[in-house]
Protein chains: 2
Amino acid sequence: MSELSEDDRAAVSDVRSAVMRLSRRLRNQRVDESLSPTEMSVLGTLARCGSATPGELARKEHVQPPSMTRIVAMLEGKGLVRREPHPDDRRQVVVSRTSQAEAMLAESRDRRNAWLAELAEGLTDEERAILRQAAPVLEKLAHL
Amino acid sequence: MSELSEDDRAAVSDVRSAVMRLSRRLRNQRVDESLSPTEMSVLGTLARCGSATPGELARKEHVQPPSMTRIVAMLEGKGLVRREPHPDDRRQVVVSRTSQAEAMLAESRDRRNAWLAELAEGLTDEERAILRQAAPVLEKLAHL
DNA sequence: CGATTGTACTTAGCCAAAGTAATAAGCTAA
DNA sequence: TTAGCTTATTACTTTGGCTAAGTACAATCG
């Protein structure tokens, strides 16, 4: 395995504290009041995967199964997600988005523009470029 | 203000979900069992600033003053922080680290190496370079 | 000088989100 | 067929923020 430089150590330490602060702010300044960031994230995952069982979703989101059960129940209550019996295994459940969820996601994407624009004001073009590069790395880090 | 590209929008959206996932993992996989990431972050801030009042710390960490009061109380209870009266203004309090905190931080830094090394295995040199660049941008984003 | 207004921290109580433990139902393989 | 594993769920707890209200002190205005 590769050795870490002093700079790497400092960077990860900085990323760590920045991530904690950002996560707090994202919780408060969420664009859609009715959906927590995690619920939003689950809808995003479903957008990529099409459909999945609660267990799969829990693993992907790095959340315990009971939490995912709760999140799915919430989303189902809001009509954003459908729970269907698994064709082969009657223990399992298949979760998929409803058309209402797709409409909601589209609208939320629009509303997010205002917030993103405001956020982007504080960054230079160069910084935004760095962020574009960093997004997939953070994504990878989150799944490691 | 500058307009955002489609890529920028996608990047910020990805950063958002990655940050939420990472923050959850950081909460669980913390190196020191007895200290929450926020408490750790406060000690780090104190390491940079030397000493500060609870209000200053709350602003730096983007937390409400009552939360900081509780965090400082917790740290004081563990003997990691000292609360002294402000020399000029008897309303204020000056918080500073104890030598025990410095020892703790040093030990934690050592222990973090194992976790960092494991984490680094999954990243390429290029990705680590991106992370080094991204750290200050995330920091800036968290304070915007 | 005294009253009013403002500031800094604290206390008390609430809430959201995630975790653990225990349960129920269903699959699988000896 | 039964013993043991897996999946989802339910019930309860923990954590870590928040707001509102309270206390003590400072500063300012009449």
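Hydrogens, waters and symmetry mates are skipped; everything else that's a heavy atom, side chains included, is used.
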N/O donor to acceptor pairs below 3.5 angstrom from side-chain atoms of residues 64-78 of chain B, sequence neighbours left out:
from	atom 1	to	atom 2	distance (Å)
B:T69	OG1	B:P65	O	3.4
B:K78	NZ	B:S34	O	2.7

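- The side chain to side chain contact (heavy atoms under 4.5 Å, CB included) test applied to A:R16 returns B:L26, B:M40, B:R112, not counting sequence neighbours.
- Applying the salt bridge (Lys or Arg N to Asp or Glu O under 4.0 Å) test to every pair with at least one member in residues 45-59 of chain B, sequence neighbours left out, gives no pairs at all.
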Summary of protein contacts for nucleotides 25-30 of chain C, nucleotide by nucleotide, where a base hit scores B, a sugar-phosphate-only hit scores S (4.0 Å, heavy atoms): BBS---
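- Residues satisfying the side chain to side chain contact (heavy atoms under 4.5 Å, CB included) test with B:D89, not counting sequence neighbours, are B:H86, B:R91, B:Q92.
- Residues from residues 13-25 of chain B placing a heavy atom under 4.0 Å of any atom in DNA chain C, listed by number, are B:R24.
- Panel note: side chain B:K60, backbone B:V42; no donor-acceptor pair is recorded below 3.5 Å.
- For A:E76 and D:dA8, the CD to P distance is 14 Å, given to the nearest whole Å.
- Remark: B:R27 is not in phosphate contact with C:dA18, judged by side-chain N or O atoms under 4.0 Å from OP1 or OP2.
- For D:dA8, one of the phosphate oxygens OP1 or OP2 lies less than 4.0 angstrom from a side-chain nitrogen or oxygen of A:T53.
- Note: NE2 (B:H86) to C1' (C:dC9) measures 13 Å, nearest angstrom.
- Contacts of A:Q29 classified as side chain to side chain donor-acceptor pair (under 3.5 Å), with partners at least two apart in sequence or in another chain: A:W115.
- One interatomic measurement links the two molecules: CD of B:E39 to C1' of D:dG17, which rounds to 13 Å at whole-angstrom precision.
- For DNA chain C, the neighbouring residues in residues 55-69 of chain B, judged by any heavy atom under 4.0 Å, are B:G55, B:P65, B:P66, B:T69.
- Within the 4.0 Å cut-off from OP1 or OP2 of D:dG17, not a single side-chain nitrogen or oxygen of A:N28 is found.
- Residues forming a side chain to side chain contact (heavy atoms under 4.5 Å, CB included) with B:A142 (at least two apart in sequence, or on another chain): A:R21, A:L22.
- Qualifying side chain to side chain contact (heavy atoms under 4.5 Å, CB included) partners for A:E84, counting only residues two or more places apart in sequence or in other chains: A:R82, A:S96.
- Between B:I71 atom CD1 and C:dC9 atom P the separation is 14 Å, expressed in whole Å.
- At the phosphate of C:dA17, neither OP1 nor OP2 sits under 4.0 Å from any side-chain N or O atom of A:T38.
- D:dT15 atom P lies 8 Å from atom CE of B:M74, rounded to whole Å.
- Of the two residues contacting DNA chain D, namely B:R70 and A:P54, the nearest-nucleotide position lying further toward the 5' end is that of A:P54.
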Check the pair A:L43, A:M104 against side-chain contact (heavy atoms from CB on, under 4.5 Å), reporting the backbone distance first and the verdict last. CA-CA 10 Å; A:L43 284 187; A:M104 216 277 301; 3.9 Å; yes
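- Atom P of nucleotide D:dA8 and atom CD of A:E84 are separated by 14 Å, given to the nearest angstrom.
- For the side chain to side chain donor-acceptor pair (under 3.5 Å) test, no residue two or more places apart in sequence or in another chain qualifies with B:S36.
- Listed by chain and residue number, B:E61 satisfy the side chain to side chain donor-acceptor pair (under 3.5 Å) test with B:S41 (two or more places apart in sequence, or in another chain).
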